[in-house]
Structures are given as C-alpha cells and as structure tokens.
Amino acid sequence: MLRVVVCVSGGGTNLQAMIDGIKEGRINNAGIVRVISNNRDAYALKRAEENHIPGVCISPKDYADREAFHKALLEAVREAEPDLIVLAGFLVVIPKEMIAEYTNKIINIHPSLIPSFCGTGYYGMKVHEGALNRGVKITGATVHFVDEGTDTGPILLQKPVEIMEGDTPEILQRRVMEEAEWILLPEAVDAIANGRVEIKDNRCRILKNRKDSGVS
Ligand code: GRF
C-alpha cells in the first residue's frame with residue numbers, strides 16, 4: 001500500500017477528494033497515513049479527524065525561527081514514513097532539504113494550467129484573479145511533481161476548465177475545484193500507487209499499465 005502524507009493549510013476539499021477516492025475505489029493500493037497542517041484552524045484537520053486519519057499541526061508560530069519550523073515539518077513527514085507526499089492547498093514553501101530527501105515523491109495541485117498563472121505570488125484566489133484579469137477563455141488545474149522551483153516540476157496531469165461570462169474569482173475557483181482539482185488529484189495518486197507513472201528527462205506521463213508489467 002502506498003503510504004500517503006497530505007499537507008494542507010485550508011478547507012481540505014482536495015484532501016476530501018482523496019479520502020472519497022480511496023473509499024469509493026477510485027484510488028487503489030494507497031492509504032493516507034498522516035495529514036499535516038501549518039494552520040491549526042484548517043478545516044482539513046477536522047476532515048482528517050472525521051475519517052480517523054492522524055492529523056498534526058506544525059505551525060511556524062510555535063517555532064523560534066523558520067529553520068526550527070522546517071526541521072519540525074520534515075520530522076513530522078519522516079515519522080509517517082511516506083511513499084508519497086501530496087501538497088493539497090499547502091501554503092508553505094517546501095524546504096530544499098525535504099525536496100532533496102523526497103525527490104519525485106512530492107506532488108502538488110495547482111489551480112491553473114501551468115505555466116500560466118503560477119510561480120511566486122500565484123496561490124489560492126490570486127490564481128483565479130490573474131486568469132480573469134488576463135481575460136483567458138480556458139483555465140484549469142495541474143498536478144505536478146515538486147522540485148526546487150515554484151510550480152516548476154514535471155507536469156503529471158492537467159484538465160481544462162472553461163471561464164464563463166460573469167465569473168468571479170470565487171465562482172471560478174469552485175468550478176476549477178469541482179471540474180478539475182477533485183478529479184485530477186485522485187487520478188494522480190492512483191496512478192502513482194499502481195506503478196503507472198514514468199518520469200524521464202524532467203517530463204512525466206501516465207502509463208496504461210504498470211511500468212513493470214512488461215506491457216507498454
Ligand atoms: C485550492 O484552490 C487548491 O487548488 C489550492 O488551494 C486551494 C484550497 O484547497 N492549492 P483545499 O480546499 O484546501 O483542498
């Protein structure tokens with residue numbers, strides 16, 4: 001079973017999509033073993049509790065400096081012995097040491113079609129404000145592996161979402177979640193859990209069959 005740690009900061013709807021995916025059999029061979037939040041008020045922690053998943057808050061407010069916070073965060077991850085770390089609305093810059101230790105084992109869900117509306121300053125609602133201000137007709141969501149850059153790692157899955165007349169950032173965020181994020185993240189976890197992801201030359205793809213199945 002793929003041991004999955006989910007890092008959250010907010011409402012946890014992407015966490016819920018993975019919990020439901022496992023319950024409904026859309027995610028096989030994976031289990032969420034720990035939820036880590038930097039925000040003690042994150043509703044995502046309540047979702048973990050309701051689903052009997054161990055949750056822990058590692059808040060920067062509880063540490064003398066950034067370095068101590070990073071150390072505690074990495075320790076909380078290591079303790080869970082993850083095969084995969086999922087950043088699901090996690091608003092913390094991942095320490096370089098953690099990226100080095102879990103190379104190609106950290107994925108993130110970003111609410112746009114990378115490389116649009118991503119990178120420094122583009123998170124949460126700001127992503128949708130950017131798309132609406134630019135006047136793009138199509139946006140969407142991206143699941144990508146995390147490397148040392150911001151939203152720059154190999155892209156695993158993307159799904160387009162149409163922008164409609166009268167969309168506000170809030171309406172658009174909800175549509176991107178419903179029509180893209182909550183579909184892509186379970187799909188990505190299931191593919192990783194079942195050996196159907198190949199990463200080559202900083203690009204990755206999902207295979208029809210397991211890598212070691214001999215059937216390409
Ligand atoms: C979502 O828009 C997600 O794309 C972004 O953070 C927001 C909150 O997600 N990364 P959640 O409801 O906490 O999963």
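Remember, predicted model here, so these are calculated numbers, not experimental data. In each ligand, atom 1 is the first atom listed, and ligand 1 is the first ligand listed. Counting from 1, the numbers follow the sequence of the chain as shown.
Taking every non-hydrogen atom of G10 and a distance limit under 4.0 Å, the qualifying atoms of ligand 1 come out as 13 (O). Below 4.0 Å from some heavy atom of Q173 lie the following atoms of ligand 1, by number and element: 2 (O). With ligand atoms numbered from 1 in the order given, ligand 1 contributes 5 (C), 6 (O), 10 (N) to contacts under 4.0 Å with heavy atoms of G89. Contact atoms of ligand 1 toward I109: 10 (N) (distance under 4.0 Å to a heavy atom of the residue).
Of the protein's non-hydrogen atoms, the one nearest atom 9 (O) of ligand 1 is N14 ND2, 3.5 Å. The single protein non-hydrogen atom nearest to atom 12 (O) of ligand 1 is T13 OG1, 2.6 Å, given as residue, atom name and distance. When hydrogens are left out, the protein atom nearest atom 3 (C) of ligand 1 is E181 OE1, 3.1 Å; that is the closest non-hydrogen contact.
Taking the charged nitrogens against the carboxylate oxygens, K46 and E50 do have a contact shorter than 4.0 Å, which makes a salt bridge.
Taking CD from E187 and CG from D190, the interatomic distance works out to 8.5 Å, rounded to the nearest 0.5 Å.
Contact between G12 and ligand 1 is present, with at least one heavy atom of the residue lying under 4.0 Å from the ligand. Within the 4.0 Å heavy-atom cutoff, V8 does not count among the residues contacting ligand 1.
When heavy-atom distances to ligand 1 are checked against a 4.0 Å cut-off, M177 comes that close only through its side chain, counted from C-beta outward.
Here the side chain of S37 pairs no donor or acceptor atom with the backbone of C57 at under 3.5 angstrom.
Side-chain contact, N38 with S9: a donor N or O sits under 3.5 Å from an acceptor N or O.
Under the 4.5 angstrom side-chain criterion for Ile, Leu, Val, Met, Phe, Trp and Tyr, the cluster partners of L172 are F117, Y122, V127, L132, V136, V161, I163, V176.
Residues L156 and V86 share a hydrophobic cluster, clusters being chains of Ile/Leu/Val/Met/Phe/Trp/Tyr side chains in contact below 4.5 Å.
Sequence neighbours left out, the pairs with a member in residues 73-95 that pass salt bridge (charged side-chain N to carboxylate O under 4.0 Å, His left out) are R34-E79, E75-R78, R78-E97, R78-E101.
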